[in-house]
Structures are given as C-alpha cells and as structure tokens.
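To keep things clear, I will list the structure first and then write my remarks on it.
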Amino acid sequence: MGLSRAKHGSYVDLTKEAVGRDGTTGGILENGAVTDGGLFKSKIICTLGPVSRTVDVLESLLKAGMSIARFNFSHGSHEYHQETLDNLRIASVNTGIACGVLLDTKGPEIRTGMLAGGGPVMLECGSEVTLTTDYDFAGDATKIAVSYPDLAKDVAPGSKILCADGSITFKVISCDVEKGEVKVTCENSAKLGERKNMNLPGVVVNLPTITEKDRHDLIDWGVKNNVDFIAASFVRKGSDVDYIRSVLGDFASKVSIVSKVENMEGLDNFNDIVEKSDAVMVARGDLGMEIRMEQIFLAQKRMIKRCNYAGKPVVTATQMLESMTGAPRPTRAEATDVANAILDGTDAVMLSGETAAGNYALDAVKIMASICREAEAYVDNVAVYHQVLEQQSIPMGVIESLASSAVRTAQKVDARLIVSLSRTGHTAQMISKYRPAAPILSVCIEGDHDPGSTARRSLISRGIIPVIEPAEWKGDTGHPQEVMRNAIAYARDALGLVKSGDLIVGVHRVMGEAVLKVVECP
C-alpha cells in the first residue's frame with residue numbers, strides 16, 4: 001500500500017494476501033505477517049462469574065489476553081463480587097499483568113412479575129393476555145404483572161412488546177390508562193417464567209437514569225474499591241451521564257464512564273452521549289430487541305465509526321462467542337462477527353456468559369485473541385488515518401495535532417513503536433484515535449492523577465500498552481529525555497517490542513512545550 005491514500009475508503013486492506021511470508025505470491029488466506037501468539041492491539045473484556053473467579057483461573061485469563069474484568073451487578077451480592085475482585089488483584093500481582101475493573105450496573109429495566117403457581121406458565125399463540133401495572137399481582141396465563149407504571153400511557157394499539165429476551169412477542173389490542181392495564185395477543189407460543197425482562201420497541205420510556213440499587217452498588221462497592229470503569233446501562237441521553245457523574249461526586253474524575261446504548265432513544269441522542277461519555281458500549285442484546293434485527297449491523301457500524309471519529313473508545317458486546325458456553329469451538333458466524341467488529345474499528349470486544357459460566361472460558365479468550373490478531377493484519381491503517389483526519393475540525397487542539405502528526409510520522413519512517421509520556425493518558429488515547437500500525441507504549445508518570453489508575457483506564461483503547469513510570473527512570477536529571485530513553489530500553493529488553501536499529505516516535509513535553517521526535521533504538 002505504501003503511504004498512498006486509499007481510494008476504496010475501506011478499513012480493510014485486502015492487498016495483503018498478495019505476498020507470502022517467503023516473498024512469493026501468496027494464496028487466498030496468506031496474510032504475510034501474522035504469527036500465532038504475537039501481539040494484538042484490540043482489548044478483551046471478560047465477564048467474571050462462577051467458573052472464572054479463582055486465582056489460578058484468573059491468572060490464566062490474564063495471560064491469555066484479558067485486559068478488563070467485568071463485574072455484572074445484575075447478579076451476585078457485594079460480598080460475592082468482593083471475593084472475586086480480591087482474587088483478581090492477587091492474580092494481577094502474581095502475573096505482573098495489569099487489569100482494569102469494570103462495574104456494570106443493572107440499570108433501570110422493565111420486568112414481568114411473580115406468578116401464582118411459582119413456575120412458568122404456557123402462553124398460546126393467538127391467546128389474549130392482560131398486562132397490569134399492579135406489580136403485587138400474582139399472575140397466570142391470562143393476566144401478568146409488569147413493573148413499568150406508565151405502560152398503558154406509553155404503548156398504543158398495534159405496538160409490539162417483547163418478553164424474555166424476545167422469545168415472546170405481544171401485540172397491543174387496547175390500553176386502559178385509568179386501570180393501568182393493556183390487553184395484548186400472543187404472536188407465538190412459549191413458556192413465560194417469573195421476573196422476565198420486557199422491551200418496548202420504539203417507546204421513549206419514563207425510567208430513572210439509575211435505580212436505588214445502582215446507587216448503592218456504585219457508592220458502596222464501586223467507589224470503595226476504586227474501580228476503573230462504570231458501564232452505565234440504558235443510557236438514553238447525554239444528561240444521563242452528567243447525572244451519574246454527580247452521583248459519584250469527587251470519584252467521577254477518577255473513573256471512566258462507559259455508556260451502554262441499548263434502545264432507540266439512545267441511538268437518537270448518540271452524538272450527545274458520545275460527547276459526554278469516556279467510552280461507549282454497543283450493547284447488542286437489548287438493542288436487538290429495540291430495533292429491527294436486520295438493522296443491528298448498521299447500528300453497530302455507525303456507532304463504532306462515530307466513536308472512532310470522536311476519539312472515544314468503543315466496546316462491542318453480546319453473543320460474540322456465545323456457543324462457546326458449551327462448545328470448545330465457536331461457530332463460523334461468531335468468528336466472522338468478532339473479526340468484522342475489529343475491521344469496523346472497535347477498540348474492545350467483550351465476552352459475557354462465555355467466561356462467566358461457560359465450560360470453555362479460557363479457550364474462549366484464547367480464540368478471541370487469535371481472531372483479533374488475524375483481523376488486525378488486514379486493517380488499512382493509512383486509510384483509517386485519513387478517514388479520521390478528514391472528520392476533524394480545524395484548528396485542532398495542540399495535543400490532538402501532536403498525536404495525529406506522531407502517527408503520520410510513524411507511517412512515513414516505518415517506526416516500530418510510538419512512546420508517549422503522559423500524566424492523564426490523554427495523549428496516548430489521541431494517538432490511538434488515529435490507529436497507528438505501531439503499538440503505543442504509554443508511560444504513565446506521576447502527577448495529579450494516580451498513575452496506576454491512568455494505566456488501567458487506558459486498557460480499553462486499541463493499541464495502547466500502559467506502563468507505570470518507575471522512580472529510577474527519572475535518573476539523575478529527572479528530564480523527560482531520560483525517562484524516554486529508559487522507556488525505550490524497557491520496550492526493547494523486557495517487552496520485546498523493538499530491537500536495536502528500529503526507529504521509534506516519541507511524544508512528550510519539555511518545559512511545557514510539546515515535542516515530537518524520531519529516535520533510533522540503541
């Protein structure tokens with residue numbers, strides 16, 4: 001490809017099949033570069049659960065490629081999660097591998113109520129059912145309680161209502177606002193259990209930004225344990241993020257808020273949400289209930305691209321390797337799904353039940369890493385750079401200008417590494433925005449921010465390898481040049497990222513002035 005600007009406008013460079021590892025014309029599957037077990041830039045988020053909460057298993061997951069551990073507060077007590085977190089931190093110390101901690105809130109949700117018999121009821125296709133907002137009512141096959149008080153106000157005849165992850169579809173016949181009841185017909189036969197989730201596609205629901213449970217989880221567990229990320233469920237507008245920050249108080253500046261966009265209102269306000277958030281999650285589970293199934297791919301691609309242009313990390317989640325909860329290999333469609341997310345531009349991919357309760361948790365992480373590594377070999381980094389640059393406003397801020405220039409310089413000189421010295425990690429994140437082919441070594445230096453927190457919070461951005469600056473790197477002078485020299489030696493000797501003679505792009509400040517330089521690895 002050289003440095004020419006790609007005409008095809010794609011993030012995918014299919015020309016890499018043309019030359020094999022031996023320099024000859026390669027076959028259709030030849031990538032010419034990728035080796036098993038090598039470095040990959042994308043990040044993997046693993047949900048922890050019953051099968052993945054012991055120290056030995058957590059050590060294995062970290063070595064396989066887990067960057068962030070997700071704690072799902074839809075399940076489990078504070079004591080349960082605390083034990084898991086304590087084990088994770090032991091595993092991190094034992095392996096020397098940093099791991100971010102993500103608290104995923106349960107969020108506001110609509111659920112069906114309890115049933116008179118305790119067990120599931122059979123709903124037959126074509127039967128009429130009454131949905132009541134009296135949540136104390138013990139239901140049966142003819143009448144079911146719903147937790148949303150405004151149900152009769154917000155739906156209308158002809159509206160669709162989905163239950164139990166979409167396994168049951170209701171069509172609204174009539175609404176009685178005074179009684180708080182909605183008559184529906186079942187469009188398919190299925191069993192309905194107690195307290196199943198419910199979705200109202202296309203409805204702007206009147207639910208709180210965070211529930212009392214969420215507040216309790218955030219303050220009494222998240223803040224107490226100094227978590228690195230908060231995944232905020234069902235974010236519908238930018239002001240939701242502002243409200244969550246106000247609840248967190250002083251801790252808001254020490255944690256990254258990942259907004260989960262899961263309904264149509266969130267899509268409508270997506271630009272506002274991106275602006276206010278530290279990162280975004282494409283939460284395809286509930287989103288797939290709220291929009292047409294055939295539009296999920298489009299929502300994913302557009303959400304990822306908008307986050308890329310804004311320089312905000314983006315996570316793609318839900319059912320990525322779902323079959324591996326019970327099988328040692330994913331389906332072909334799942335493997336393709338993961339690879340396409342990488343090619344779309346996602347920073348991180350997430351495993352849910354695969355690592356929380358599956359039979360092949362470690363295998364799932366290893367296979368996810370392998371797919372990421374392979375897909376990254378076909379990303380057209382030069383095309384990505386130009387596409388992102390075209391979307392930026394001029395004049396740029398100083399840091400972003402420096403970051404984009406660092407990436408372009410790395411392309412021109414074929415640098416093997418970009419080294420950034422930063423107190424907040426912002427410079428490294430801006431470099432990641434322009435998707436360099438070279439990895440980014442982010443040296444987190446002492447300042448107003450905890451360098452450990454800065455390092456862990458950067459684990460959500462593609463290509464960033466964070467390292468906390470040891471005191472001895474300052475040398476006798478304490479100058480940034482001294483730190484840079486020691487960082488390059490560390491990248492060469494400890495990480496194996498470069499070898500003698502390789503060119504490296506360095507970005508840092510000297511006496512308050514931004515500096516971009518190219519150095520040769522000694």
Side-chain angles (χ1 to χ4, degrees), residues 10-12 14 28-29 31 34 36-38 40-52 57 60-61 64-70 72 102 104 164-167 231 260-262 280-305 307 314-379 460 462:
S10 171
Y11 282 13
V12 188
L14 295 180
I28 195 72
L29 297 180
N31 58 34
V34 175
D36 292 338
F40 63 98
K41 301 186 185 75
S42 304
K43 307 301 182 181
I44 298 176
I45 300 174
C46 298
T47 304
L48 302 188
V51 304
S52 55
V57 172
S60 298
L61 295 180
M66 175 174 71
S67 292
I68 297 172
R70 172 180 176 243
N72 184 4
L102 182 147
D104 197 334
D165 294 325
S167 63
K260 297 170 65 177
V261 177
E262 303 180 80
V280 170
M281 183 182 293
V282 183
R284 304 181 301 180
D286 280 282
L287 187 61
M289 301 293 121
E290 296 282 340
I291 65 176
R292 299 204 322 268
M293 186 69 67
E294 58 270 29
Q295 288 188 315
I296 296 173
F297 85 97
L298 182 63
Q300 173 177 315
K301 290 178 182 296
R302 286 183 173 171
M303 290 166 74
I304 290 174
K305 186 160 285 191
C307 288
V314 55
V315 180
T316 304
T318 315
Q319 295 181 331
M320 301 219 78
L321 298 178
E322 179 72 14
S323 68
M324 289 196 71
T325 55
R329 288 169 58 85
T331 67
R332 286 74 172 161
E334 288 168 343
T336 303
D337 180 39
V338 174
N340 278 327
I342 301 302
L343 297 176
D344 287 344
T346 195
D347 287 82
V349 284
M350 193 173 92
L351 294 167
S352 299
E354 302 96 326
T355 52
N359 296 329
Y360 301 93
L362 180 58
D363 293 307
V365 179
K366 289 180 177 179
I367 288 174
M368 181 75 89
S370 295
I371 297 169
C372 290
R373 186 182 298 112
E374 188 75 24
E376 287 167 10
Y378 297 93
V379 173
I460 199 170
R462 189 191 286 196

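Atoms considered below: every heavy atom in the structure, side chains included; atoms not considered: hydrogens, waters and symmetry mates. In this text the structure is predicted, and so the values were computed from the model without any measurement.
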**OP:** Report yes if the side chains of Val261 and Val282 come closer than 4.5 Å at any heavy-atom pair, otherwise no.
**Re:** no
Original post:
What pair of heavy atoms forms the shortest contact from Leu102 to Ala231, and how long is it?
Top reply: CD2-CB, 3.7 Å
Original post:
Of all heavy-atom pairs between Met293 and Gly288, which one has the smallest distance, and what is that distance?
Top reply: CE-O, 4.4 Å
Subject >> Among Asp347, Ile68, Ile460, Val349, side chain to side chain contact (heavy atoms under 4.5 Å, CB included) partner for Val315 >> reply: Ile460
Original post:
Could you state the interatomic distance from CG (Leu351) to CG (Leu48), rounded to the nearest 0.5 Å?
Top reply: 11.0 Å
Original post:
Can you tell me how far the CE atom of Met281 sits from the CG atom of Asp104, to the nearest 0.5 Å?
Top reply: 5.5 Å
Original post:
Does Glu290 use its side chain to pair, donor to acceptor, with the backbone of Glu262 at less than 3.5 Å?
Top reply: no
Original post:
CE of Met368 to CD1 of Ile342: how many Å apart, nearest 0.5 Å?
Top reply: 8.0 Å
Subject >> Spacing of Ile367 atom CD1 and Met324 atom CE [to the nearest 0.5 Å] >> reply: 3.5 Å
Subject >> Check: Ile44 and Met320 side chains under 4.5 Å, non-hydrogen atoms >> reply: no
Subject >> Heavy-atom pair of closest approach, residues Cys307 and Val280 >> reply: SG-CB, 3.7 Å
Subject >> Residue pair Glu294 / Arg292: nearest heavy atoms and the distance that separates them >> reply: OE2-NE, 2.8 Å
**OP:** Check each of Thr318, Thr316, Asp337 against Arg284 using the side chain to side chain donor-acceptor pair (under 3.5 Å) test, and report the only one that passes.
**Re:** Asp337
Subject >> Under 3.5 Å: donor-acceptor pair, side chain of Thr355, backbone of Thr47 >> reply: yes
Original post:
Any side-chain heavy atom of Ser352 sitting closer than 4.5 Å to one from Arg70?
Top reply: yes
Subject >> Residues forming a side-chain hydrogen bond (donor to acceptor under 3.5 Å, both in side chains) with Ser323, sequence neighbours excluded >> reply: Glu334
Taking distance alone, no hydrogens or angles, what donor-acceptor pairs closer than 3.5 Å link side-chain atoms of residues 359-366 to residues at least two apart or in another chain?
none

Subject >> Nearest-0.5 Å distance, CD1 of residue Ile45 to OG of residue Ser67 >> reply: 8.5 Å
**OP:** Kindly compute the distance separating OG (Ser42) from CZ (Arg462), expressed to the nearest 0.5 Å.
**Re:** 4.0 Å
Original post:
Under a 4.5 Å cut-off applied to non-hydrogen side-chain atoms, are Ser52 and Leu61 in contact?
Top reply: yes
